[in-house]
Amino acid sequence: MSDASAEHYLVALDPSVGYCRLFRTDSVESAGLHPLWSGFGLRAGYDAMIRLNKERRPTDLFHVCSRTGARGRTVFRVFKGAPHEEGWRVEGTDVEYAEARKRLASLAGERDSSERAERDRILRGLRRAGVETDSVPRLTGADVRYLRWLEATGRVAA
């Protein structure tokens, strides 16, 4: 019997099972397979097989998605893999979950700052029109048109 470290091995993708397998070079099963690695030593061949199978394993992708919520506010969510629900737009894709969460936090911060700026703009317009309030009341379409008319005609400075 020969020493295992002196024998020649090869690692090949076996299409019948869908992953890389380790074969001795004189094996009948390895005939016709394209070798991805070849070398001496059982341990080296086993390590190469494990490495190649890990490299072939599909990587999970995390998608940061957005859509308009029920009240018109943009909502964000992280999906593992492709978004499986209708109506979600992909804002970014990351390999690491932590990076996807950072992207989500950044997008939510941008959304919050733009909402604050819009709220402040509306409150300034209301104060110039003579309405003293600290919260934005529900404005009808007529209210919005009236405020725009006041700004457009110069009766209230923009």
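Note that the structure is predicted; figures quoted are calculated from it, not measured.
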Mark yes or no for whether [X], through its side chain, and [Y], through its backbone, hold a donor-acceptor pair below 3.5 Å.
X	Y	answer
Asp14	Cys20	no
Arg111	Thr74	yes
Ser27	Phe23	no

So, for [X] and [Y], which heavy atoms are closest and what is the spacing to 0.1 Å?
X	Y	value
Thr133	Pro137	CG2-CD, 4.4 Å
Pro35	Leu10	CB-CD1, 4.2 Å
Glu86	Arg67	O-NH1, 3.5 Å
Ala129	Leu147	CB-CD2, 4.0 Å
Ala100	Phe62	CB-CB, 3.8 Å
Ala44	Trp37	C-CH2, 3.8 Å

Aromatic ring proximity, centroids under 6.0 angstrom, Phe40 and His8 =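 Ring centroids of His8 and Phe40 are less than 6.0 Å from each other.
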Over 12 foreign heavy atoms within 6.0 Å of CD, Glu96 =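 Not more than 12 within 6.0 Å, no.
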inquiry  = Atom CZ of residue position Arg89 - does it have more than 12 heavy atoms of other residues, nucleotides or ligands inside 6.0 Å?
reply    =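 For Arg89, atom CZ is crowded (more than 12 foreign heavy atoms under 6.0 Å).
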task = Check the pair Phe79, Leu61 against side chain to side chain contact (heavy atoms under 4.5 Å, CB included), reporting the backbone distance first and the verdict last.
result = CA-CA 8 Å; Phe79 286 97; Leu61 296 177; over 6 Å; no
Can you tell if the side chain of [X] reaches within under 4.5 Å of the side chain of [Y], non-hydrogen atoms only?
X	Y	result
Met49	Leu36	no
Arg56	Tyr19	no
Lys80	His63	no

N-O pairing of [X] and [Y] below 4.0 Å:
X	Y	answer
Arg51	Asp47	no
Glu91	Arg103	no
Glu115	Arg119	no
Glu151	Arg148	no

Between [atom1] of [X] and [atom2] of [Y], what distance do you get to the nearest 0.5 Å?
X	Y	atom1	atom2	answer
Lys54	Leu52	NZ	CG	11.5 Å
Ile122	Ser135	CD1	OG	11.5 Å
Asp143	Arg138	CG	CZ	13.0 Å
Ser66	Arg77	OG	CZ	13.0 Å
Asp120	Glu118	CG	CD	9.5 Å

Should [X] and [Y] be counted in the same cluster of Ile, Leu, Val, Met, Phe, Trp and Tyr side chains packed under 4.5 Å apart?
X	Y	value
Leu104	Val75	no
Val11	Leu42	yes
Leu33	Ile50	no

message = Does Leu123 form a side chain to side chain contact (heavy atoms under 4.5 Å, CB included) with Asp134? I'd like the steps, not just the answer.
response = CA-CA 7 Å; Leu123 284 175; Asp134 289 332; over 6 Å; no
task = Output, in order, the C-alpha distance, side-chain angles, deciding distance and verdict of salt bridge (Lys or Arg N to Asp or Glu O under 4.0 Å) for Arg73 and Asp112.
result = CA-CA 10 Å; Arg73 187 172 195 224; Asp112 293 344; 2.9 Å; yes
ask   = Val90 and Val64: side chain to side chain contact (heavy atoms under 4.5 Å, CB included), yes or no, with the steps?
value = CA-CA 6 Å; Val90 176; Val64 179; over 6 Å; no
